[in-house]
Number of protein chains: 4
Amino acid sequence: MKTADKHSKIIRAATKVFAKKGFFNARISDIAKEAKVADGTIYLYFNNKYDMLLSVFEEKIGKLVEQITTQIEKEDDPRRMLEIFIENHLREMKKNKNLAEVIQIELRQTNKIIKDYRNNKFSEYLNIISTIIKKGQSEKVFRQDILPGIAKRAIFGALDEIARIWNINIDSEYDIDETEKQVTRIFLVGVLENPQA
Amino acid sequence: MKTADKHSKIIRAATKVFAKKGFFNARISDIAKEAKVADGTIYLYFNNKYDMLLSVFEEKIGKLVEQITTQIEKEDDPRRMLEIFIENHLREMKKNKNLAEVIQIELRQTNKIIKDYRNNKFSEYLNIISTIIKKGQSEKVFRQDILPGIAKRAIFGALDEIARIWNINIDSEYDIDETEKQVTRIFLVGVLENPQA
Amino acid sequence: MKTADKHSKIIRAATKVFAKKGFFNARISDIAKEAKVADGTIYLYFNNKYDMLLSVFEEKIGKLVEQITTQIEKEDDPRRMLEIFIENHLREMKKNKNLAEVIQIELRQTNKIIKDYRNNKFSEYLNIISTIIKKGQSEKVFRQDILPGIAKRAIFGALDEIARIWNINIDSEYDIDETEKQVTRIFLVGVLENPQA
Amino acid sequence: MKTADKHSKIIRAATKVFAKKGFFNARISDIAKEAKVADGTIYLYFNNKYDMLLSVFEEKIGKLVEQITTQIEKEDDPRRMLEIFIENHLREMKKNKNLAEVIQIELRQTNKIIKDYRNNKFSEYLNIISTIIKKGQSEKVFRQDILPGIAKRAIFGALDEIARIWNINIDSEYDIDETEKQVTRIFLVGVLENPQA
DNA sequence: AATGAATGAGCATTCATTCAT
DNA sequence: TATGAATGAATGCTCATTCAT
C-alpha cells in the first residue's frame with residue numbers, strides 16, 4: 001500500500017472516530033483499529049493526537065472550499081451564489097455527519113491557544129461568504145449597510161447550529177430542501193412581512 | 001460559610017475553569033483551588049465532573065431565560081422583542097465570556113446521549129425565540145412562511161458563532177452596538193436591497 | 001442514652017457491617033448509619049477504624065470464652081468437655097454468621113504487625129482447648145503423645161474452616177448436629193477403622 | 001524479555017507483595033516496582049487488581065494440586081496417601097510463606113460473591129482429600145461413618161490454621177516433622193487413648 | 001457528648017507516546 | 001516503513017479523620 005493511501009486511511013478512520021466519540025474520548029488505538037494499522041504507525045504520519053484532528057479538519061474543510069468554489073464560479077448572481085453556499089453546506093453536513101461533528105469539535109472543543117495559528121482553510125471557507133456579500137454590495141444587489149464580516153459569521157453559525165441538531169436528533173422535523181429554502185429566505189429577505197414599514 | 005454559599009462558590013469557580021481550559025482539560029483540583037475548597041468538598045455538592053458542567057450550564061441558562069423573559073414581557077411588538085433577545089444574548093456573552101464558553105462546551109463537547117434528557121433550560125431558552133416568531137406571525141408582522149423551529153436555530157446559531165469569535169479574538173473588529181444592529185437587521189429584513197425584486 | 005449503650009450499639013453495628021462487607025470495604029459512614037449515630041461520634045468511642053475491628057473481635061471472643069468456660073466447668077470428663085467446645089463453637093458460628101465472619105477477617109485480613117500485641121482473648125479461647133487436652137492426658141483419657149499446642153490449632157482450624165463454608169454456601173449439605181458429631185468423632189477417634197492394626 | 005516471562009515475573013511479585021501487605025494494603029505500584037515493570041504493564045496481563053489475586057491464587061493452587069497428585073498416584077494405601085497430603089501441604093506452606101499468606105487472603109478477604117464462580121482449582125485441591133477418604137472407606141481402611149465432605153474441610157482447616165501461625169510467629173515451637181506426625185496421627189487415630197472404651 | 005461538613009492524602013486505572021525489533 | 005509491547009505521567013474520586021459548632 002502506498003503511503004498516500006495509508007495517510008488517507010488514517011484520516012478517514014480519525015474522522016469517524018472523532019465524530020463518534022469526540023476528540024477527548026477518542027483513543028489512538030480506536031483510530032488505529034479502525035484504520036487497520038498499528039498504533040505506532042499513526043505517529044509516522046502525524047505528530048500527535050491533536051495534529052490529527054487539525055489535519056482532519058483542514059483536509060475536510062479544504063475539500064468543501066474546493067467544491068463550493070467550483071460551483072459558485074459558474075454563477076454570477078450573488079443571490080444564487082449565497083443560495084448555493086447554503087445548499088452545499090447543509091447537504092454536505094447531512095450527507096457526512098462525521099464531518100459536521102468534526103467541525104463542531106475542532107471549532108469548540110480543543111485548546112484555543114494551539115488552534116489559531118493554522119486554521120487557514122476555515123478562514124477561507126468563511127471568506128467565501130463575505131466575498132459573495134461584497135460582490136452583491138458592489139452590484140447593488142445586497143444592502144450597503146451589511147457588514148460582511150458579521151454576516152459571514154451569522155450565516156455560518158446558523159448553518160452550523162442546524163447541522164448540530166441533525167447530529168443529535170436522528171430524525172429532524174424538517175427535510176433538507178425545506179430547511180435550505182427557509183435559511184436562504186431568512187438571510188435574503190428576513191423575517192419581516194413588510195420590510196418597508 | 002453557609003452551604004448555599006459554598007455551592008455557588010464552586011459553580012462560579014467551575015464556570016471560570018471550564019471556560020479557561022475546556023471541560024476535558026479542567027482538573028477537579030483546579031476548580032477546587034479556584035473555589036478555595038478541598039477537592040473532596042466538590043463531591044459533597046456534585047456527583048461527578050460532568051454533573052458540575054451540567055449544573056453550571058443549567059444554572060446560567062436558567063438565569064438568562066429569566067432575565068430575557070422579564071424584559072420581553074414588557075414589550076408587545078414582536079420586532080422589538082426579537083431585538084431585545086438578540087441584544088441581551090450578545091451583551092451577556094460579551095460581559096461574561098466564561099458563560100459563552102460554557103455554552104459552547106456543553107453544547108458540543110460532552111456525550112450527546114446523556115445530554116438530551118436534562119437540557120430543559122436550554123430548550124426553554126430557544127423557545128423564547130420561536131414564541132416571538134409565532135406571535136409575530138399571528139400578528140401578521142412576520143412572514144407566514146417562516147418556520148419558527150428553523151428560525152430559532154438559525155438565530156441562536158448566528159449569535160453563538162459571533163460570541164465564539166469574541167472568545168477567540170480578544171479584540172474583535174466590531175463593537176457590540178454595531179453587531180447587535182447588524183444581526184437584528186439581517187434577521188428582520190435580510191440582506192437584499194430590494195426584496196420585492 | 002447512656003454512654004455504655006452507645007458504645008455497644010456501635011459495636012453491634014460494626015460487627016454487622018464488617019461481616020457483610022469485610023473490613024476494608026466497610027465504610028465508617030456505613031457503621032455510623034447502621035448505629036444511627038454521626039460519623040464523628042464513632043471517634044469518641046474508638047481511636048480509629050482498626051481499633052473498632054479489634055474491639056469487636058475481642059469483645060465477641062471474650063463472650064465466647066465466658067460462655068464456653070461456664071459450660072465446661074460443670075463437666076469433668078475431658079471427652080465431654082471437648083465435645084462441648086466443638087458443639088458450642090459451631091452453634092455460635094451458625095447462629096451468628098457475622099461473628100464467624102469477623103473472626104475470619106480479624107485473623108487473616110488485617111495488618112499482622114499491628115495485630116499481635118492485643119489478641120489476648122483469642123489466645124485464651126484457644127487455650128481452653130489445650131487445657132482440656134492436658135487434663136485428658138493427665139487422666140490418661142487422651143494419648144500422651146498428642147501435643148496440645150498443635151491439637152488446639154488443628155481443632156480450631158477445622159471448626160473455623162467449616163464455619164467459613166457456612167458463610168459462603170447459604171445452604172450447606174450437612175446439618176449442624178451431624179457436623180458436630182462428625183468433627184467430634186474425627187478428633188476423638190480419628191478416621192481409621194482399626195487403629196490397632 | 002518474552003511475554004511469558006513478564007507474566008510470571010508479575011505473578012511472582014504480586015504473590016510476594018500480597019503476602020507481605022495483604023491484598024488491600026498492596027499498591028499496584030508496589031507490585032510493579034517489585035516486578036521491575038511499569039505500572040501500566042501490569043494491565044497488559046491482568047484486568048485489575050483483584051484479577052491478579054485470583055490469578056496468583058489459581059496458579060499456585062494449581063501447582064500444588066499437580067504436585068500432590070503426582071505423589072499420591074504412586075501410592076495405594078489410603079493411610080499413606082493422607083499422610084502424603086498433610087506432609088506436602090505443610091512443607092509447601094513452610095517453604096513458601098507467601099503462598100500460605102495468599103491462600104489465607106483469597107479465601108477470606110475478597111468478595112465472596114465474585115469468588116465462587118472461579119475457584120475451581122481450590123475445589124480440586126480439597127477434593128484430593130475427599131477422594132482419599134472415599135478410597136479408604138471402600139477398602140474398609142477408614143471408618144464408614146466419616147463424611148468425606150466434612151473431613152476434607154476439617155483437615156484443610158487444621159492445616160491452614162497451622163500455616164497461619166507459622167506466618168505470624170517467625171519461630172514456632174514445633175518443627176515441621178513433628179507437626180506433620182502430630183496432625184497425621186490426630187486425624188488417623190484421634191486423641192483418645194482407648195477408642196474402644 | 002454529639003454532629004456532620006470539610007478536608008486532603010491516597011490510589012487504581014487509562015492512554016498518548018516511544019522504541020526495540 | 002511498520003509493529004505493538006512497554007511506559008509512566010496524569011487524575012477523578014473515595015473515605016478515614018478532624019473540628020467548629
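So that the names make sense, note that chain A is the first sequence line, chain B the second, and so on, each numbered from 1.
Between B:N25 atom CG and E:dA16 atom C1' the separation is 14 Å, expressed in whole Å. For the pair A:I31 CD1 and E:dT17 C1', the interatomic distance rounds to 14 Å; values are reported in whole Å. One atom, CZ of A:R27, and another, C1' of E:dT17, lie 15 Å apart when rounded to the nearest Å. Look at CD1 on A:I42: it is 16 Å from P on F:dT1, rounded to the nearest Å. We find that CZ of B:F46 is positioned 12 Å from P of E:dA6, with the value rounded to whole Å. Rounding to whole angstrom units, CE of residue D:M52 and P of E:dT13 are separated by 11 Å. As rounded to whole Å, 13 Å separates atom P of F:dA16 from atom CG of C:L53. Between the NE2 atom of C:H7 and the C1' atom of E:dA2 there is a distance of 16 Å, rounded to whole Å.
With B:F57 as the aromatic partner, B:K121 does not meet the cation-pi criteria of under 6.0 angstrom to the ring centre and within 45 degrees of the ring axis.
Here the side chains of C:L53 and C:V102 are in contact, with some heavy-atom distance below 4.5 Å. Side-chain contact check for B:I103 versus B:M93: some heavy-atom pair is nearer than 4.5 Å. The closest side-chain heavy-atom distance from C:F23 to C:K49 is below 4.5 Å. Contact annotation: the side chain of D:I10 approaches that of D:M52 to within less than 4.5 Å [non-hydrogen atoms, C-beta and beyond].
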Check the interface with nucleotides 18-21 of chain E: list each N/O to N/O pair with the protein under 3.5 Å, or write none.
none

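The residue B:I28 sits close only to the backbone: its heavy atoms come under 4.0 Å of sugar-phosphate atoms, none of a base.
Comparing B:A26 and D:L44 along DNA chain F, the residue whose closest nucleotide (by nearest heavy atom) sits nearer the 5' end is D:L44. Toward the 5' end of DNA chain F, the nearer of the two residues D:A38 and B:K49, judged by each one's closest nucleotide, is D:A38. Mapping D:S29 and B:V37 onto DNA chain E via the closest heavy atom, the residue that lands nearer the 5' end is B:V37.
At least one side-chain nitrogen or oxygen of D:K6 sits closer than 4.0 Å to the OP1 or OP2 atom of F:dA6. One finds a side-chain N or O of C:Y45 lying less than 4.0 angstrom from the OP1 or OP2 phosphate oxygen of E:dA2.
Distance CD/B:E59 to NE2/B:H7: 7.0 Å, rounded to 0.5 Å.
Checked by atom type and distance alone, the side chain of A:Q104 never pairs as donor or acceptor with a backbone atom of A:A19 at under 3.5 Å.
Scanning both residues, C:N48 and C:Y43, for their nearest heavy atoms gives CA-CE2, 4.0 Å.
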Check your understanding: Using Watson-Crick and G-U wobble pairs with both distances under 3.5 Å, what is the 5'-to-3' dot-bracket string of DNA chain F, with [ ] for crossing pairs and | for pairs outside the strand?
Key -> .||||||||||||||||||||
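Every pair passing salt bridge (Lys or Arg N to Asp or Glu O under 4.0 Å) that includes a residue from residues 34-48 of chain A is listed here, sequence neighbours excluded: A:K16-A:E34.
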